[in-house]
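Below: the structure, in structure tokens.
Keep in mind that this is a model prediction, so the values were computed, not measured. Within every chain, numbering begins at 1; the chains are lettered A, B, ... in the order of the sequence lines, protein sequences first and strands thereafter. The figures that follow rest on heavy atoms only: side chains count, while hydrogens, waters and symmetry mates do not.
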There are 4 protein chains.
Amino acid sequence: MKAVVIHAENDLRVEEMALPDAAPGPGEVQVRIRQGGICGSDLHYYQHGGFGVVRVKHAMVLGHEAAGVVAAVGAGVTSVQPGDHVAVNPSAPCGQCRYCLAGQAQHCLDMRFNGSAMRNPHVNGLFCETVTVAAARAVKAVAPLEMLAFAEPLAVCLHAARQAGSLQGQRVLVTGSGPIGALLVMVARHAGAREVVATDVADAPLAVMRRIGADLALNTRTDPESLAPFGVDKGHFDVVFEASGAGPALAGALAAARPGAVVVQVGIGNGDMSVPMNMVVAKEITLRGTFRFHAEFDWAVAFLASGAIDVRPLLTEVVPVAEAVRAFELAGDRGRAMKVQLGF
Amino acid sequence: MKAVVIHAENDLRVEEMALPDAAPGPGEVQVRIRQGGICGSDLHYYQHGGFGVVRVKHAMVLGHEAAGVVAAVGAGVTSVQPGDHVAVNPSAPCGQCRYCLAGQAQHCLDMRFNGSAMRNPHVNGLFCETVTVAAARAVKAVAPLEMLAFAEPLAVCLHAARQAGSLQGQRVLVTGSGPIGALLVMVARHAGAREVVATDVADAPLAVMRRIGADLALNTRTDPESLAPFGVDKGHFDVVFEASGAGPALAGALAAARPGAVVVQVGIGNGDMSVPMNMVVAKEITLRGTFRFHAEFDWAVAFLASGAIDVRPLLTEVVPVAEAVRAFELAGDRGRAMKVQLGF
Amino acid sequence: MKAVVIHAENDLRVEEMALPDAAPGPGEVQVRIRQGGICGSDLHYYQHGGFGVVRVKHAMVLGHEAAGVVAAVGAGVTSVQPGDHVAVNPSAPCGQCRYCLAGQAQHCLDMRFNGSAMRNPHVNGLFCETVTVAAARAVKAVAPLEMLAFAEPLAVCLHAARQAGSLQGQRVLVTGSGPIGALLVMVARHAGAREVVATDVADAPLAVMRRIGADLALNTRTDPESLAPFGVDKGHFDVVFEASGAGPALAGALAAARPGAVVVQVGIGNGDMSVPMNMVVAKEITLRGTFRFHAEFDWAVAFLASGAIDVRPLLTEVVPVAEAVRAFELAGDRGRAMKVQLGF
Amino acid sequence: MKAVVIHAENDLRVEEMALPDAAPGPGEVQVRIRQGGICGSDLHYYQHGGFGVVRVKHAMVLGHEAAGVVAAVGAGVTSVQPGDHVAVNPSAPCGQCRYCLAGQAQHCLDMRFNGSAMRNPHVNGLFCETVTVAAARAVKAVAPLEMLAFAEPLAVCLHAARQAGSLQGQRVLVTGSGPIGALLVMVARHAGAREVVATDVADAPLAVMRRIGADLALNTRTDPESLAPFGVDKGHFDVVFEASGAGPALAGALAAARPGAVVVQVGIGNGDMSVPMNMVVAKEITLRGTFRFHAEFDWAVAFLASGAIDVRPLLTEVVPVAEAVRAFELAGDRGRAMKVQLGF
């Protein structure tokens with residue numbers, strides 16, 4: 001079967017690999033992948049060979065945003081049957097460590113997460129034609145596969161939203177208007193936010209933000225003072241989602257956040273960030289990290305299937321897998337692309 | 001009357017000032033100050049002329065940790081009478097702005113806080129022989145005045161503890177072992193923490209930490225790896241109080257904090273801090289600022305009076321006000337001093 | 001001017017009253033009321049002379065759900081101008097007591113709430129042709145007045161939702177499908193609930209629940225076992241809004257709620273309720289009361305104006321004020337009416 | 001070996017039973033029980049044959065508060081060795097169900113809890129000479145065994161306290177002054193409560209409350225108005241622990257609780273309680289159940305061993321197991337007994 005393999009920085013190849021065993025084992029499901037979304041971390045592997053201390057040390061199949069069709073089910077599986085559309089949950093926690101038993105499976109001490117170089121040897125990803133997974137990881141829905149391939153990044157954003165408490169009635173700022181920022185705008189709207197403002201340093205993604213319902217979309221590069229009015233009287237926003245990983249974005253957000261606000265750090269840049277901690281202290285701001293997701297994967301599938309969250313405006317193009325390198329180049333061009341998917 | 005006045009960096013003088021009006025107005029209380037504790041921010045005014053963007057722009061009486069004896073009460077005051085021992089609350093919020101009406105008086109838009117250069121003209125402080133304050137700010141207790149002068153920094157620490165939720169049963173790390181760090185150790189013990197570890201870069205304050213009940217007191221300068229064992233399996237501490245304002249202390253604390261931990265930033269350094277945000281994100285840490293106090297001033301007085309929190313081990317020396325400069329020099333010497341008070 | 005006055009149980013009259021002063025004072029606004037919604041508590045005054053210990057002791061103008069047109073503004077008022085559509089906030093807390101200063105104005109010790117017999121003498125209500133209120137209580141919006149007259153009950157429901165924390169992704173049960181139950185279904189949907197189930201003992205309101213988006217609407221009188229499947233494995237619902245005030249509804253809800261669920265008690269029956277406290281204990285359920293609203297009034301107006309919450313399916317009929325008695329009879333007939341408004 | 005067996009209401013026998021297998025299996029520990037505390041639920045089995053729907057259906061060894069000495073350890077056990085003092089954790093959740101994986105093991109769908117008739121067949125208890133348990137359930141401490149036998153009820157109270165959030169600085173009311181009420185007073189003090197008031201309908205336990213540090217101990221039978229002053233201005237207490245299971249106690253507590261207070265229901269009476277729900281609603285009170293414990297068992301052992309919580313004033317008498325019936329009669333006499341232990 002075909003798979004999209006990262007070998008090193010700037011060395012991405014579409015290769016032939018052996019298929020998994022023909023028959024899934026008990027409790028397992030075999031999925032024919034049809035759609036795979038390219039994520040920012042996939043791009044980091046491609047453009048930089050990794051991020052922070054996570055580096056590609058050997059060839060690894062990329063991909064953790066995928067949807068497909070059930071090809072076969074193992075003994076005892078009743079949740080899906082061949083032909084079902086499923087989103088594939090890339091997260092496989094151990095279910096036994098102290099974090100798993102505390103309801104914090106995203107911090108599992110023995111996590112296997114598809115397409116991640118965090119552990120060694122790396123765990124292969126979902127950008128390949130067929131995968132076999134535990135039945136609970138193949139989440140069924142009656143929905144187009146290109147929408148189901150958004151389940152993973154949407155789950156990330158639903159999990160991020162959860163760090164902020166209820167958003168109903170809240171004033172929300174989203175800094176960074178890439179695919180995650182865009183999904184955060186949608187999630188904030190879905191959760192009943194009263195006002196949603198987005199920022200970025202490029203105009204193209206900001207235009208998308210306006211289309212999907214941001215009340216304001218501000219270019220903080222061309223208009224550096226655009227957030228200043230929100231800083232009056234100690235600040236305006238109740239909740240910030242910082243999705244750029246850029247220090248100046250966080251600094252601007254802290255100035256625009258009201259005392260007691262929650263600032264959820266979603267994006268990761270190069271590890272360290274320079275933070276105006278005097279503002280965090282003087283305004284008693286809660287700056288909270290968010291990492292991946294847990295129960296929210298199933299929520300994401302439900303919201304995509306019901307249409308409660310409509311991600312279609314974010315899909316730029318479905319590129320055939322044979323042109324994976326072109327797809328990655330396109331995904332890395334913020335002037336042209338929001339979300340790019342591979343089609344298998 | 002005598003007052004301790006800061007004029008500029010390194011220019012501290014004991015001066016004669018006019019007494020306030022002989023008779024307090026309705027609802028007011030006149031207090032003869034007897035004891036005034038020197039705080040880190042007092043030292044910053046003395047050593048650096050301010051901190052961050054807060055600079056001394058004109059002569060200002062210093063001091064916001066003070067206790068004394070009621071000299072006279074205005075019409076309608078029933079809470080105290082002449083002769084009572086009182087701690088003086090230096091915080092005077094407006095009671096009308098949106099933050100005051102939201103129970104967040106520490107963020108008052110029109111705050112008058114004694115001995116602070118945050119507003120212009122500055123608000124004079126409590127290092128003088130007589131002050132007149134609203135009755136609610138003179139909090140009575142049957143307790144020695146040198147203990148009551150700890151009410152303000154203790155209130156700061158009780159407020160900081162509140163940002164962390166319940167500490168009962170929790171494992172707590174305190175980074176920075178100055179007077180605030182020491183009071184945080186006491187507050188954590190008082191709140192039922194299961195384990196309290198303190199760090200610093202100097203041995204003298206660490207010896208005090210051990211005396212007042214820290215389970216461990218680690219010198220991270222002489223033993224840079226001393227916190228490393230707490231970083232195993234993603235971290236150990238449930239709660240951190242960062243009381244040093246130093247970037248490396250925060251970085252070390254983040255490594256030793258478990259996923260989902262709360263890190264309360266109490267200290268302020270020079271404004272910006274370099275933060276390993278990848279750890280904040282990957283461990284979903286809550287990094288929260290804490291600023292001054294509100295209801296906790298009255299709690300502090302109650303705990304000092306009942307003996308539930310015994311601050312006596314922290315008092316280094318009471319220096320006569322005439323020797324204020326010597327007192328400030330002593331207070332600035334971490335090898336010799338924990339808390340230094342002025343005696344009036 | 002005309003006003004709708006309750007004199008005693010079953011004694012409701014449309015009477016002529018003196019107009020308020022022609023000119024509003026500084027900071028005040030005069031509103032010509034056009035639309036007034038009849039609430040459950042209005043019905044209680046009419047049908048029973050009060051509820052619990054709150055009894056009508058003298059003639060009182062009823063009404064606290066009202067919208068109208070600004071007729072005149074006093075000196076210094078800039079938020080509205082004559083001709084503006086406004087919802088009138090019936091809540092006037094003192095702004096000075098300890099609850100007001102703690103951000104809990106709904107518990108004000110000196111509250112004046114329109115059309116309530118809680119204090120003596122009672123505070124007249126809004127079912128009259130002209131009222132004068134503080135400018136902050138006339139909340140402007142570009143929206144039809146019959147929608148703005150829903151601001152008050154919608155605020156009650158937004159406040160109730162806030163007691164439950166974030167509803168995004170949650171499974172929600174609403175027991176009691178009157179106007180408040182219906183608005184709670186809308187609020188839960190607006191806040192991103194994953195599943196919303198409603199119950200009642202009458203079919204007519206359940207049909208409305210289905211129309212406005214409840215996933216299921218169950219008649220627990222005709223089908224007493226309809227909630228039983230939700231009790232399997234210790235329960236299903238994350239959040240319950242109990243809007244009936246009926247003991248059996250609460251008992252059924254507790255059985256269907258999962259361990260750790262939040263049950264918000266919105267309805268009040270006759271004071272005491274028999275509660276299966278063993279379930280509250282064994283499932284560690286949070287049973288929390290909710291009372292009126294505070295900041296949520298402005299949220300409600302915003303959501304009504306933006307169309308984020310569309311209350312039109314709930315309006316049964318606008319009855320001319322001259323026929324107020326007929327309007328109250330209609331409002332009390334659950335087989336025919338959801339929300340009945342008086343038109344002035 | 002000897003065991004204390006309940007056969008039916010009023011039919012308690014000390015019987016000879018077969019010893020467990022001589023050698024503990026891998027990961028197991030064999031404990032020679034020395035001390036067993038009699039709990040209210042043990043008394044309910046003895047006096048009434050059960051409580052609510054939980055009934056003794058066949059002979060069952062009683063007991064879930066026990067401490068002893070390690071007799072032997074199985075392969076791989078390193079946490080304890082023969083001769084160690086241990087408290088025995090009676091709770092054995094499955095570690096696999098959805099509640100266990102959510103950090104809510106106390107709601108385990110397949111819980112085995114010593115000495116409980118909740119499941120059928122019942123799970124035998126710890127009132128016998130030798131038990132074999134998983135190593136994690138034998139919690140070691142250097143402490144007298146009669147203190148370690150308090151670990152279980154203390155864990156219950158620490159878990160209850162956790163439902164209330166931080167108690168530091170809070171005003172706490174404990175209604176019901178039996179052993180659980182007494183431990184709650186200690187736990188509240190340990191957590192830094194500012195004020196602790198206890199109530200009961202009998203004088204003997206109230207005298208104990210005063211000895212262990214309650215600020216006030218009120219007899220609500222002989223002085224029915226004793227809580228009334230706390231109801232002024234909508235209430236006084238921030239937190240209530242209702243440990244009596246009696247409706248009037250809860251009603252009195254609700255009247256004395258301030259708006260927004262947390263009332264933790266710890267005691268269970270006969271299932272249903274009559275609750276003045278209008279107060280829950282109008283004061284927006286959080287009424288929350290608490291059930292058993294989870295991580296808090298280890299905390300309890302730590303606090304007993306360090307002396308942070310000193311339970312010695314609560315131990316009435318250690319009765320030899322041969323006199324178990326006398327011990328139960330004594331434990332049931334509130335005029336004479338607080339906590340009665342069996343000695344093996």
Most contacts with chain B, counted as non-hydrogen pairs under 4.5 angstrom, among [options]:
options: A:Asn278, A:Val275, A:Val263, A:Val262; answer: A:Val275
options: A:Met277, A:His107, A:Gln265; answer: A:His107
options: A:Val264, A:Leu250, A:Asp233; answer: A:Asp233

Side chains of A:Arg288 and B:Thr286, heavy atoms from C-beta outward: is any pair under 4.5 Å? yes
Can you find a pair of side-chain heavy atoms, one from B:Val280 and one from A:Met273, that are under 4.5 Å apart? no
What residue in B:His159, B:Gln104, B:Arg258, B:Met279 has the most heavy-atom pairs under 4.5 Å with chain A? B:His159
Among the options B:Lys234, B:Arg98, B:Glu284, pick out the one with the most heavy-atom pairs lying under 4.5 Å from chain A. B:Glu284
Checking an interface table here. Which of residues 110-122 of chain A come within a heavy-atom distance under 4.5 Å of chain B? none
Within residues 174-185 of chain A, which positions have a heavy-atom distance to chain B below 4.5 Å? none
Do you know which two heavy atoms are closest between [X] and [Y], and how far apart they sit?
X: A:Pro259; Y: B:Tyr99; result: CD-OH, 3.2 Å
X: B:Asp272; Y: A:Ser274; result: OD2-OG, 3.5 Å
X: A:Val281; Y: B:Val266; result: CG1-O, 4.4 Å

Structural part of B:Ile285 lying under 4.5 Å from a heavy atom of chain A: backbone
